[in-house]
Undergrad: 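Provided herewith is a single structure, encoded as structure tokens, for subsequent inquiry.
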Amino acid sequence: RKDGSIFIAHIERVQLDFGGRRSAVAVFTDVTERENDRMALEAERMRSQNAIEAAQAGTWEWDLLQRSVRCNDRISAMLGREPAPDHLAPFENFLSLMHPDDIERGKYLLKQHLSGESTSFAIELRLRHAQGHWVWWRNLGRVMQRNPEGGPTLRAGISIDITDQRTQREQIDHFRH
């Protein structure tokens, strides 16, 4: 740089042919801003990943058009299952794992959310673990994208295993009564 500052450069060698004589030219491109943006994006990704790990949360995205859910490995682990190929699973798979007593309330809250009556979605519900017992989850999410008509197309959120907290709460309630 003319001001003497240090920059990050991408150097590309270009072959030239001048009447049978071969030459090469080096083209320097200042990529400092692009590299700084890449590093800032990576730092933000790491902060987000650290927060997810600290919360021991599973993350998910539900594509309402494809009726598929993309989950991270923690979601599968919380259910005692192997991750689905490409971390994609039909939404119906999750519905089939729900405790029968939680289905109607879940559908009601989800309908409210998808219609736009509520800006976010939060529910505590039980899902069947691969070993047969029920695990309590707290799901938090919201619609992230809507089509031009306002219909939801993508939801995203987190799920946290709250089984231990629910068990402790039930034990406290038992001792109080």
Side-chain angles (χ1 to χ4, degrees), residues 37-38 40-177:
D37 290 346
R38 186 195 66 74
L41 185 61
E42 177 62 18
E44 180 61 28
R45 189 192 70 74
M46 283 303 300
R47 280 191 296 279
S48 296
Q49 185 63 36
N50 289 341
I52 290 166
E53 289 296 320
Q56 297 181 343
T59 61
W60 49 266
E61 281 187 333
W62 177 20
D63 180 332
L64 284 89
L65 301 176
Q66 301 296 319
R67 295 199 55 80
S68 62
V69 180
R70 181 177 303 277
C71 303
N72 68 354
D73 288 346
R74 188 173 301 276
I75 294 280
S76 301
M78 289 190 300
L79 293 170
R81 291 171 163 67
E82 290 295 317
D86 298 327
H87 296 276
L88 282 173
F91 178 70
E92 287 74 17
N93 286 13
F94 290 94
L95 288 178
S96 71
L97 298 175
M98 283 181 68
H99 192 283
D101 294 344
D102 298 332
I103 292 174
E104 288 308 312
R105 182 173 48 88
K107 284 182 179 179
Y108 173 76
L109 292 172
L110 184 59
K111 183 178 176 184
Q112 276 190 314
H113 178 58
L114 294 179
S115 71
E117 291 178 51
S118 63
T119 57
S120 61
F121 178 82
I123 188 172
E124 291 185 2
L125 54 84
R126 291 160 285 186
L127 295 170
R128 173 86 60 195
H129 190 276
Q131 294 177 351
H133 60 277
W134 295 104
V135 290
W136 279 97
W137 278 22
R138 178 158 178 78
N139 280 345
L140 305 166
R142 65 176 220 167
V143 171
M144 303 305 291
Q145 293 176 358
R146 292 187 179 272
N147 62 26
E149 295 78 37
T153 59
L154 180 71
R155 285 186 68 234
I158 63 170
S159 298
I160 300 170
D161 184 336
I162 59 166
T163 305
D164 291 343
Q165 292 93 329
R166 292 292 298 221
T167 301
Q168 291 171 358
R169 190 182 319 159
E170 288 171 6
Q171 289 172 348
I172 290 169
D173 289 345
H174 176 73
F175 287 121
R176 286 184 178 164
H177 298 109

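Residues: numbered from 1 along the sequence shown. Hydrogens, waters and symmetry mates are skipped; everything else that's a heavy atom, side chains included, is used.
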Undergrad: Using a strict threshold of under 4.0 Å (side-chain N to carboxylate O), is an ion pair present between E92 and R67?
TA: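 A salt bridge links R67 with E92.
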
Undergrad: Decide yes or no for W137 and L79: does some side-chain heavy atom of the first lie under 4.5 Å from some side-chain heavy atom of the second?
TA: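 In short, these two side chains touch, coming nearer than 4.5 Å.
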
Undergrad: Minimum heavy-atom separation for C71 and W60, please, with both atom names.
TA: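 For C71 and W60, the tightest heavy-atom pair comes out as SG-CB, 4.2 Å.
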
Undergrad: Could you report the tightest heavy-atom contact between I160 and M78, atom names first, then the distance?
TA: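 What the structure gives for the nearest pair is C-SD, 4.3 Å.
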
Undergrad: For R142, does the CZ atom sit with more than 12 other heavy atoms under 6.0 Å from it, leaving out its own atoms?
TA: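 No, because the 6.0 Å sphere around CZ of R142 holds 12 heavy atoms or fewer from other groups.
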
Undergrad: Has H113 got a side-chain atom pairing as donor or acceptor with S118's backbone, closer than 3.5 angstrom?
TA: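 Yes.
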
Undergrad: List for me each residue that meets ring-ring contact (aromatic ring centres under 6.0 Å, His included) alongside Y108, sequence neighbours excluded, and say none if there are none.
TA: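 Y108 satisfies ring-ring contact (aromatic ring centres under 6.0 Å, His included) with no residue once adjacent residues are dropped.
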
Undergrad: According to ring-ring contact (aromatic ring centres under 6.0 Å, His included), who are the partners of W136, at least two apart in sequence or on a separate chain?
TA: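 Checked W136 against ring-ring contact (aromatic ring centres under 6.0 Å, His included); zero matches.
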
Undergrad: For R176, enumerate each residue passing the side chain to side chain donor-acceptor pair (under 3.5 Å) test, keeping only those at least two apart in sequence or located in another chain.
TA: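 Result, side chain to side chain donor-acceptor pair (under 3.5 Å) vs R176: none returned.
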
Undergrad: Quick one: does I75's side chain get under 4.5 Å of F94's, heavy atoms only?
TA: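 Side chain of I75 against side chain of F94, heavy atoms only: contact under 4.5 Å found.
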
Undergrad: Any side-chain heavy atom of F121 within less than 4.5 Å of one from L109?
TA: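 Touching, per the 4.5 Å side-chain cut-off.
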
Undergrad: For the residue pair S159 and N139, confirm or rule out a side-chain donor-acceptor distance under 3.5 Å.
TA: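 Checked: S159/N139 side chains pair up, N/O donor to acceptor below 3.5 Å.
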
Undergrad: For the residue pair D63 and S68, confirm or rule out a side-chain donor-acceptor distance under 3.5 Å.
TA: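 No, because no side-chain N or O of D63 sits under 3.5 Å from a partner of the opposite role on S68.
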
Undergrad: Mind listing the closest non-hydrogen atom pair of P152 and L64 along with its distance?
TA: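 Distance-wise, the nearest heavy atoms are O-CB, 3.9 Å.
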
Undergrad: Is the shortest heavy-atom distance from the side chain of R155 to the side chain of M144 under 4.5 Å?
TA: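 They are not in contact (no side-chain heavy atoms under 4.5 Å apart), so the answer is no.
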
Undergrad: Can you confirm whether L154 sits close enough to W62 that some side-chain heavy atom of one is under 4.5 Å from a side-chain heavy atom of the other?
TA: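 Of all side-chain heavy-atom pairs linking W62 with L154, none is under 4.5 Å.
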
Undergrad: Is the shortest distance from a Lys or Arg side-chain nitrogen in R166 or E124 to a carboxylate oxygen in the other one below 4.0 Å?
TA: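 Looking at R166 and E124, the cut-off is met.
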
